[in-house]
Amino acid sequence: RLLAAARGRSAKCLVLDLDNTLWSGVIGDDGLEGIVLGQGSEIGEAHLELQRYALSLTERGIILAVCSKNDEANALAPFTSHPEMILKREHIACFVANWTDKATNLRSIAKQLNIGLDALVFVDDNPAERAIVRQEIPAVHVPELPDEPSAFVFTLAAAGYFEALHLTGDDRARASQYQANAERDRLKDSATDMDSYLQSLRMTLTAAPFDSLNLQRIVQLINKTNQFNLMTERLTEPEVLARMNDPRWLTLYARLTDRFGDNGLIAILMARVEGTDAIIETFLMSCRVLGRGVEQACLNTLAAAAQSHGAKRLIGQYRATEKNNMVRDLYPTLGFTGIEQTEGPARFSLDLRDFTPRPVFMEMNLPREAMVEQ
């Protein structure tokens with residue numbers, strides 16, 4: 001389990017069914033008074049223990065979602081009105097309650113959260129629903145729950161889906177970050193155009209070279225990020241530390257804040273300087289901040305840092321994996337030109353001698369060697 005966690009194989013999201021999973025009974029038929037939940041009942045206390053376990057996972061950076069066949073108003077009622085509920089609506093990053101099949105809804109949840117299907121763990125008391133999801137979406141983790149609710153938590157914990165090597169401040173804040181993302185999406189839907197939306201976010205990007213304070217989170221992102229990851233190179237903490245202390249390497253991390261809060265550490269870049277070339281070996285970013293111009297802001301910052309080290313050309317690289325197709329065309333989009341080659345990662349070139357940073361809709365708080373007009 002620890003080896004899997006070190007290689008980014010831990011799950012990121014616990015998706016919960018409701019009826020007979022978080023409580024006993026059917027909320028649509030039994031109502032608030034009819035469901036069994038809480039102290040004084042063996043079954044009610046077992047469901048309460050599952051809620052307590054789920055809430056503890058949020059403190060370790062695990063996202064919670066709901067996927068239930070229900071009318072949404074009925075499904076929400078226990079979260080807002082039942083006195084024994086431990087989980088509240090604000091703990092759930094993505095709440096899906098409708099009559100669509102659960103496989104379709106799970107795909108929608110993964111898309112909304114910008115995570116892979118293999119990052120989901122789906123918990124449902126119904127064996128038929130579990131079987132359908134396993135058949136339709138093999139990538140989703142579906143534990144085989146026992147009939148006895150008192151064994152739900154043991155079964156989940158014993159499976160080891162959510163192992164982690166380190167716990168960072170960004171992990172603890174992740175649930176609130178996804179809630180803030182929902183607010184950003186609502187603002188985006190009401191905006192008249194994309195530029196005005198980006199300006200209204202009042203974003204600030206802070207970039208700096210790697211440091212010991214952020215080293216654990218940097219290593220964690222390197223080994224967990226799959227989708228927006230150009231090379232998907234996994235590194236140990238000593239390997240990252242060696243690059244951090246090697247003058248031939250440019251290392252940068254970026255944090256993003258906006259009017260809704262702190263998105264945490266969201267991007268990692270590493271480039272190796274060889275003569276007048278700076279070769280980008282790592283360019284990865286959290287999918288939570290896609291569509292806001294952060295990738296351009298990161299490139300602007302790296303380009304300026306490379307220029308300060310005498311580089312006249314940036315070399316970008318892309319190695320295809322099963323999960324990073326979304327960034328296949330990133331470098332051409334950012335103004336790079338393809339370099340012909342017969343093997344190895346695809347390579348792209350950007351001439352820094354006449355490079356002009358493209359504008360971005362955010363304030364830039366940059367290291368001294370990367371102070372350029374944005």
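- The stretch residues 293-306 participates, sequence neighbours left out, in no salt bridge (charged side-chain N to carboxylate O under 4.0 Å, His left out) pair at all.
- Considering only residues two or more places apart in sequence or on other chains, S68 meets the side chain to side chain donor-acceptor pair (under 3.5 Å) condition with N70.
- Aromatic ring centres of F348 and Y331 lie closer together than 6.0 Å.
- Contact of the F122 side chain with the K102 side chain is registered, since non-hydrogen atoms from C-beta on lie closer than 4.5 Å.
- Atom CG of L106 sits about 8.0 Å away from atom CG of L117, to the nearest 0.5 Å.
- For the atom pair L250 CG and T282 OG1, the distance stands at 12.0 Å (nearest 0.5 Å).
- Every residue meeting the side chain to side chain donor-acceptor pair (under 3.5 Å) condition with T104, not counting sequence neighbours, appears here in chain and number order: D101.
- When the side chains of ILVMFWY residues are joined at heavy-atom separations under 4.5 Å, either directly or via intervening members, F95 and I27 end up in a single hydrophobic cluster.
- Checking side-chain atoms of Q296 against main-chain N and O of G293 turns up no donor-acceptor pair under 3.5 Å.
- Looking at D329 and Y318, their side chains never bring a donor and an acceptor atom within 3.5 Å of each other.
- Judged as a side chain to side chain donor-acceptor pair (under 3.5 Å), and not counting sequence neighbours, N229 has no contacts.
- Side-chain contact between M285 and L290 is present, with at least one heavy-atom pair separated by less than 4.5 Å.
- Using a cutoff of 4.0 Å between basic side-chain nitrogens and carboxylate oxygens, R243 and E281 are not scored as salt-bridged.
- Separation of atoms CG (L265) and CZ (R255) is listed at 5.0 Å; rounding is to 0.5 Å.
- R248 is linked by a salt bridge (Lys or Arg N to Asp or Glu O under 4.0 Å) to D246, counting only residues two or more places apart in sequence or in another chain.
- When all heavy atoms of A93 and Q112 are compared, the pair lying nearest together is O-NE2, 4.5 Å.
- Exactly one residue among L256, L205, V294 makes a side chain to side chain contact (heavy atoms under 4.5 Å, CB included) with N263. That residue is L256.
- Applying the salt bridge (Lys or Arg N to Asp or Glu O under 4.0 Å) rule to D118 yields the partners K323; only residues at least two apart in sequence or on another chain are considered.
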Please table the atom pairs, donor to acceptor, closer than 3.5 Å between any side-chain atom in residues 145-154 and protein atoms at least two apart or in another chain.
unit_1	atom_1	unit_2	atom_2	d
E148	OE2	S150	N	3.3
E148	OE2	S150	OG	3.3

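- Inspection of the D195 and Q199 side chains reveals no N or O donor paired with an N or O acceptor under 3.5 Å.
- Put simply, the side chain of D258 never gets that close to the backbone of L201: no donor and acceptor are under 3.5 Å apart.
- Both L334 and M326 belong to a single network of hydrophobic side chains, linked directly or stepwise wherever heavy atoms of I, L, V, M, F, W or Y lie under 4.5 Å apart.
- Taking the salt bridge (Lys or Arg N to Asp or Glu O under 4.0 Å) definition, one finds that E84 meets it with nothing, sequence neighbours left out.
- At distances below 3.5 Å, not a single donor-acceptor pair connects side-chain atoms of H309 with backbone N or O atoms of A306.
- In terms of heavy atoms, Q341 sits closest to P345 at NE2-O, 2.6 Å.
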Contacts table for residues 31-53: side-chain donor-acceptor under 3.5 angstrom, sequence neighbours left out:
unit_1	atom_1	unit_2	atom_2	d
S41	OG	I43	N	3.4
S41	OG	G44	N	3.1
E45	OE2	G40	N	3.2
H47	ND1	T21	O	2.8
E49	OE1	R52	NH1	2.7
Q51	OE1	I86	N	2.9
Q51	OE1	L87	N	3.1
Q51	NE2	L22	O	3.0

Exercise. Would L299 and L350 satisfy side-chain contact (heavy atoms from CB on, under 4.5 Å), going step by step from the backbone distance to the final call?
Worked result: CA-CA 11 Å; L299 171 64; L350 181 70; 4.3 Å; yes
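- Under the 4.5 Å side-chain heavy-atom criterion for ILVMFWY residues, a single connected hydrophobic cluster contains both L252 and V327.
- No side-chain heavy atom of L314 sits less than 4.5 Å from a side-chain heavy atom of F355.
- Residues F228 and L330 have side chains in contact (heavy-atom distance under 4.5 Å, counting atoms from C-beta outward).
- For the salt bridge (Lys or Arg N to Asp or Glu O under 4.0 Å) test, no residue two or more places apart in sequence or in another chain qualifies with D125.
- In the displayed structure, K111 atom NZ is contacted under 6.0 Å by at most 12 heavy atoms of other residues, nucleotides or ligands.
- A single hydrophobic cluster is seen to contain both V121 and L55, as judged by linkage of ILVMFWY side chains at heavy-atom distances under 4.5 Å, directly or through other members.
- Hydrophobic clustering, defined by side-chain heavy atoms of Ile, Leu, Val, Met, Phe, Trp and Tyr closer than 4.5 Å, groups I339 together with I279, I315.
- Checked by atom type and distance alone, the side chain of Q307 pairs as donor or acceptor with a backbone atom of L352 at under 3.5 Å.
- How far OG1 of T276 is from CZ of R313: 7.0 Å, rounded to the nearest 0.5 Å.
- Residues L235 and Y253 fall within the same hydrophobic cluster, defined by Ile, Leu, Val, Met, Phe, Trp and Tyr side chains chained together at heavy-atom separations under 4.5 Å.
- Residues M231 and M270 form no side-chain contact, since every pair of their non-hydrogen atoms from C-beta on lies 4.5 Å or further apart.
- Minimum interatomic distance between P143 and L156 (heavy atoms only, all atoms of both residues): CG-CD2, 3.9 Å.
- Counting heavy atoms from C-beta on, the side chains of N300 and V360 come closer than 4.5 Å.
- In this structure, CD on E322 lies 11.0 Å from OG1 on T232, to the nearest 0.5 angstrom.
- Annotation: side chain of K224 is in contact with side chain of K12 (closest heavy-atom distance under 4.5 Å).
- Counting only heavy atoms from C-beta outward, the side chains of L18 and V66 approach each other to under 4.5 Å.
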May I have the list of side-chain donor-acceptor pairs in residues 73-81 shorter than 3.5 Å, sequence neighbours left out?
unit_1	atom_1	unit_2	atom_2	d
T80	OG1	L76	O	3.4
T80	OG1	A77	O	3.2

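- A donor-acceptor pair is defined here as one N or O able to donate and one able to accept, closer than 3.5 Å; such a pair exists between the side chain of N324 and the backbone of T321.
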For this session: Could you walk me through whether R292 and L198 pass side-chain contact (heavy atoms from CB on, under 4.5 Å), step by step?
Result: CA-CA 7 Å; R292 302 191 219 170; L198 293 175; 4.0 Å; yes
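- A distance of 4.5 Å separates OG1 in T225 from CG in L284, rounded to the nearest 0.5 Å.
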